[in-house]
There are 2 protein chains.
Amino acid sequence: MATQTAPQRRASERERFDAYLATCPARKLLDRISDKWVSLLLNALADGPRRYSELSRTLAGVSQKMLTQTLRTMERDGLVARTVTPAVPVRVDYALTPLGASLLPIMTAIKAWAETHIHEVDEAQAAYDAGRF
Amino acid sequence: MATQTAPQRRASERERFDAYLATCPARKLLDRISDKWVSLLLNALADGPRRYSELSRTLAGVSQKMLTQTLRTMERDGLVARTVTPAVPVRVDYALTPLGASLLPIMTAIKAWAETHIHEVDEAQAAYDAGRF
DNA sequence: CTGCATCCTACCAGATACTG
DNA sequence: CAGTATCTGGTAGGATGCAG
């Protein structure tokens with residue numbers, strides 16, 4: 001019996017690589033902030049707590065499913081705090097935790113790079129596309 | 001005739017919001033670097049040009065489809081330069097452009113945050129999960 | 001060696017409707 | 001008001017085979 005076929009070997013390599021990626025802190029972080037809504041929520045909560053319905057209006061494009069889901073994930077990650085005020089009707093506020101707030105400088109850095117260089121990217125794209133016709 | 005039904009209004013709001021997002025530089029950037037392979041390629045190319053096959057080996061888990069696709073996108077964005085050396089067999093090298101290299105500090109910042117705070121995230125997750133049983 | 005085209009699957013986001 | 005539950009369609013991404 002042969003050691004391993006090529007596909008088998010690649011599969012196991014892939015497995016090990018995935019395992020490695022799963023433990024890579026930088027990738028774990030990227031997977032989180034890269035989420036479409038996480039970055040927007042980080043921004044929306046940057047200058048103070050917001051109610052669920054406020055967030056829902058601010059991020060006009062989000063479905064409540066994704067809003068809830070994203071907030072839950074961020075809460076689980078310790079990025080936001082959820083406060084329920086028992087009343088009728090119920091009131092729920094979300095706020096950044098210190099950990100969540102410590103992410104803001106990074107978002108700012110990304111924003112800064114983007115605003116400085118995005119036109120270069122656009123030009124590169126235009127040039128690239130031009131060469132293809 | 002009524003102005004708009006609720007679903008219609010939400011749909012058009014969503015449309016406008018999507019349009020806004022599409023023009024948001026920071027989001028455009030995030031969409032790019034958040035890509036699983038882009039960040040890894042940025043790293044792999046950080047200290048010099050690499051051949052296609054080298055990259056393929058370094059990023060053990062990538063399918064050649066994704067490798068090629070990702071490299072193409074990065075080339076289009078002006079982040080990497082592609083150099084073909086006509087020979088038999090063909091030789092293709094990829095290198096970071098200055099624009100691509102200017103992204104490295106951001107990746108470093110992300111990595112730094114991740115390494116500093118990831119254990120807090122892990123703890124938060126553990127605490128959160130513990131509360132649910 | 002490098003890369004494209006095709007097919008195929010698994011996952012995820014959105015719509016919708018219902019609950020405390 | 002602030003969610004939860006379920007269904008479904010689109011799409012990202014892997015496998016495979018062929019080509020320059």
Side-chain angles (χ1 to χ4, degrees), chain A residues 4-15 17-18 21 31-32 34-41 49-76 80-95 132, chain B residues 5-15 17-18 21 27 31-32 34-41 49-76 80-95 132:
Chain A
Q4 269 185 324
T5 62
Q8 282 175 333
R9 196 174 52 249
R10 258 186 301 130
S12 73
E13 269 173 15
R14 207 173 162 285
E15 213 170 312
F17 196 74
D18 284 350
L21 282 186
D31 280 345
R32 280 174 172 72
S34 72
D35 185 284
K36 187 176 177 181
W37 304 115
V38 170
S39 52
L40 293 169
L41 278 173
R50 290 282 182 276
R51 299 186 55 172
Y52 182 88
S53 46
E54 290 180 296
L55 293 172
S56 166
R57 272 189 298 276
T58 304
L59 290 89
V62 73
S63 64
Q64 12 135 281
K65 175 186 173 183
M66 288 318 292
L67 181 54
T68 302
Q69 193 175 102
T70 307
L71 285 167
R72 283 283 178 286
T73 308
M74 293 174 75
E75 188 193 358
R76 178 168 184 264
V80 301
R82 181 167 176 271
T83 314
V84 181
T85 309
V88 183
V90 192
R91 175 197 175 105
V92 181
D93 287 270
Y94 291 91
R132 299 185 63 89
Chain B
T5 64
Q8 283 175 333
R9 195 175 54 249
R10 259 188 300 130
S12 74
E13 268 172 17
R14 207 175 163 283
E15 214 170 311
F17 196 74
D18 283 350
L21 282 185
R27 269 245 55 81
D31 281 344
R32 280 174 173 72
S34 71
D35 185 284
K36 186 176 179 180
W37 305 115
V38 170
S39 52
L40 294 168
L41 277 174
R50 290 281 182 277
R51 297 188 55 173
Y52 182 89
S53 46
E54 289 180 296
L55 293 172
S56 167
R57 272 189 298 278
T58 304
L59 305 168
V62 73
S63 65
Q64 33 102 295
K65 177 186 174 180
M66 288 319 292
L67 181 55
T68 303
Q69 194 177 101
T70 307
L71 285 167
R72 282 286 175 285
T73 308
M74 292 174 76
E75 189 194 357
R76 179 167 183 265
V80 303
R82 181 168 176 269
T83 314
V84 182
T85 309
V88 183
V90 192
R91 175 200 175 102
V92 182
D93 287 272
Y94 291 90
R132 299 185 62 88

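Just so it is clear, the structure is predicted and the values come from calculations on it, not from any experiment. The sequence lines fix the lettering, A, B, ..., with proteins before strands; numbering per chain opens at 1. Worth knowing before you read on, the calculation uses all heavy atoms, side chains too, and leaves out hydrogens, waters and symmetry mates.
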What's the angle between the local helix axes at either end of the helix from dC1(C)-dG20(D) to dG20(C)-dC1(D), using five pairs per end and rounding to 10 degrees?
50°

For Lys36(A) and Leu21(B), the nearest pair of non-hydrogen atoms, with its separation, is CE-CD1, 3.6 Å

Just the rounded figure in Å: distance from P of dG13(D) to CG of Leu40(B).
13 Å

Under a 4.0 Å heavy-atom criterion, the protein footprint on nucleotides 1-8 of chain D, written with B, S and -, is SSBB----

State, to 0.1 Å, how close Arg27(B) and Ser34(A) come at their nearest heavy-atom pair, and which atoms those are.
NH2-O, 3.6 Å

Rounded distance (Å) that lies between atom C1' of dC11(C) and atom NZ of Lys36(B)
13 Å

Here the distance between atom C1' of dT2(C) and atom CD of Glu75(B), to the nearest Å, is 13 Å

Atom CG of Leu67(B) and atom C1' of dG13(D): how far apart are they, to the nearest Å?
14 Å

Between Leu55(B) and the options Thr70(B), Val92(B), Leu41(B), the side chain to side chain contact (heavy atoms under 4.5 Å, CB included) test singles out Leu41(B)

To the nearest angstrom, the CG-P distance between Asp31(B) and dA13(C) comes to 13 Å

Kindly state each residue pair satisfying salt bridge (Lys or Arg N to Asp or Glu O under 4.0 Å) with at least one member in residues 81-91 of chain B, sequence neighbours excluded.
Arg91(B)-Asp93(B)

Does the Glu75(B) side chain pair with the main chain of Arg72(B), one donor and one acceptor, at a distance under 3.5 Å?
no

Shortest non-hydrogen contact from Phe17(A) to Leu59(B)?
CZ-CA, 3.9 Å

Closest approach of Leu71(A) and Tyr52(A), non-hydrogen atoms and distance?
CD1-CD1, 4.2 Å

Report the distance from atom CD of Gln69(B) to atom P of dC4(C), rounded to the nearest whole Å.
10 Å

Say you draw a straight line from CZ of Arg50(B) to CZ of Arg57(B); how long is it, rounded to the nearest 0.5 Å?
11.0 Å

Evaluate the side-chain proximity of Met66(A) to Gln69(A): yes if any heavy-atom separation is below 4.5 Å, no if none is.
yes

Would you kindly give the CG-to-P distance between Asp18(A) and dC11(C), to the nearest whole Å?
13 Å

Rounding to an integer number of Å, can you tell me how far Leu55(B) CG sits from dG3(C) C1'?
14 Å

